[in-house]
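Values below: every heavy atom of this structure, side chains too, minus hydrogens, waters and symmetry copies.
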Amino acid sequence: MPAWLVWLVVAAVLGTAELMTLAFAAGLMASAAVVAAVVAGLGGGLEVQSLAFAATSFASLAVVLPLARRRGTAMSTYRSGVAGLTDRPAVVLTQVDGISGTVRIGGEVWSARAYDDTLVIAEGTRVTVLDIDGATALVYPREY
């Protein structure tokens, strides 16, 4: 079996492992195996093929993997749905107390209650959404 074909099989196995795990490192090593296959196809010896595989693996892992992890970390801080509403500013539309009221969060009108049951928050007051309880925003007046 020619060496270039062995490297392509290694690339296929690593590519399959990447598809199964989504770890990103196996995909980078699969591309390094393709580089080694090209070197083998051009007549490079086993040492040169191995060096090409190792150098490409190291370079891609050292450069691309930290960038991908940083991007993944940034995406993991993204909040959506109800979690995306906490810590958002809102404006009181009708008086908010410990029982009822309404606020505008972004462009949406939400039922609201004061986070502190003893507070009565007047219409037009800027508040912060501290939590969501079902379909009701729990709000507190903003501090300036």
Side-chain angles (χ1 to χ4, degrees), residues 1 3-42 44 46 48-144:
M1 181 182 284
W4 63 267
L5 187 56
V6 172
W7 284 112
L8 288 180
V9 169
V10 169
V13 168
L14 288 168
T16 302
E18 175 62 32
L19 290 174
M20 299 305 243
T21 63
L22 299 176
F24 200 65
L28 295 174
M29 292 178 66
S31 64
V34 170
V35 170
V38 170
V39 170
L42 294 175
L46 183 59
V48 177
Q49 295 168 32
S50 299
L51 183 61
F53 176 77
T56 306
S57 293
F58 178 76
S60 62
L61 289 172
V63 173
V64 177
L65 197 56
L67 295 174
R69 284 193 177 145
R70 189 176 320 134
R71 174 74 175 162
T73 302
M75 292 301 288
S76 66
T77 60
Y78 177 75
R79 298 181 304 168
S80 64
V82 173
L85 295 174
T86 58
D87 297 327
R88 296 246 339 245
V91 176
V92 175
L93 298 177
T94 61
Q95 178 178 298
V96 174
D97 54 30
I99 299 171
S100 64
T102 58
V103 295
R104 181 178 308 279
I105 306 170
E108 299 177 341
V109 176
W110 280 71
S111 62
R113 285 194 328 257
Y115 188 77
D116 180 354
D117 290 339
T118 62
L119 287 177
V120 176
I121 307 169
E123 183 178 320
T125 304
R126 294 182 183 272
V127 294
T128 300
V129 178
L130 297 181
D131 199 6
I132 301 291
D133 181 19
T136 302
L138 302 177
V139 299
Y140 195 80
R142 292 184 68 129
E143 296 177 11
Y144 295 100

Once side-chain contact (heavy atoms from CB on, under 4.5 Å) is applied, do any residues pair with A90, and if so which ones, sequence neighbours excluded? V103, I105, V127, V129
The complete set of side-chain hydrogen bond (donor to acceptor under 3.5 Å, both in side chains) pairs with one or both residues in residues 49-65, sequence neighbours excluded, reads W7-Q49
Any heavy-atom pair between the side chains of L130 and Y140 that's under 4.5 Å? yes
Report, as yes or no, whether the 6.0 Å neighbourhood of atom OH on Y115 holds more than 12 heavy atoms from other residues, nucleotides or ligands. no
Yes or no on side-chain contact (heavy atoms from CB on, under 4.5 Å) for W4 and V38, after CA distance, side-chain angles and deciding distance? CA-CA 7 Å; W4 63 267; V38 170; over 6 Å; no
Looking at L46, I'd like to know if its CG atom is crowded, meaning that more than 12 non-hydrogen atoms belonging to other residues, nucleotides or ligands lie closer than 6.0 Å. yes
Mind listing the closest non-hydrogen atom pair of P89 and R142 along with its distance? CB-NH1, 2.5 Å
For L61 and P66, the nearest pair of non-hydrogen atoms, with its separation, is O-CD, 3.2 Å
Ignoring hydrogens and geometry, is there a side-chain-to-backbone donor-acceptor pair from S111 to A135 under 3.5 Å? yes
For F53 and A36, the nearest pair of non-hydrogen atoms, with its separation, is CB-CB, 3.9 Å
Within the 4.5 Å heavy-atom criterion, are D116 and L119 side-chain neighbours or not? yes
pair V10-L14: side-chain heavy atoms closer than 4.5 Å: yes
Applying side-chain contact (heavy atoms from CB on, under 4.5 Å), can you list everything that pairs with V109, at least two apart in sequence or on another chain? L93, T102, R104
Checking V63 now: which residues fulfil side-chain contact (heavy atoms from CB on, under 4.5 Å) with it, not counting sequence neighbours? none
Which residues pass the side-chain contact (heavy atoms from CB on, under 4.5 Å) test with V48, sequence neighbours left out? V39
dist L85:CG -> L138:CG (nearest 0.5 Å) comes out at 12.0 Å
Non-neighbouring partners of D133 that pass salt bridge (charged side-chain N to carboxylate O under 4.0 Å, His left out), sequence neighbours left out: R113
For a 4.5 angstrom cut-off between non-hydrogen side-chain atoms, does V120 reach Q95? yes
Nearest-0.5 Å distance, CH2 of residue W110 to CZ of residue R88: 10.0 Å
Provide the closest heavy-atom pair for A83 versus T86 in the form atom of the first, atom of the second, distance. O-OG1, 3.0 Å
Would you indicate whether the side-chain heavy atoms of V96 and V139 approach each other to under 4.5 Å? yes
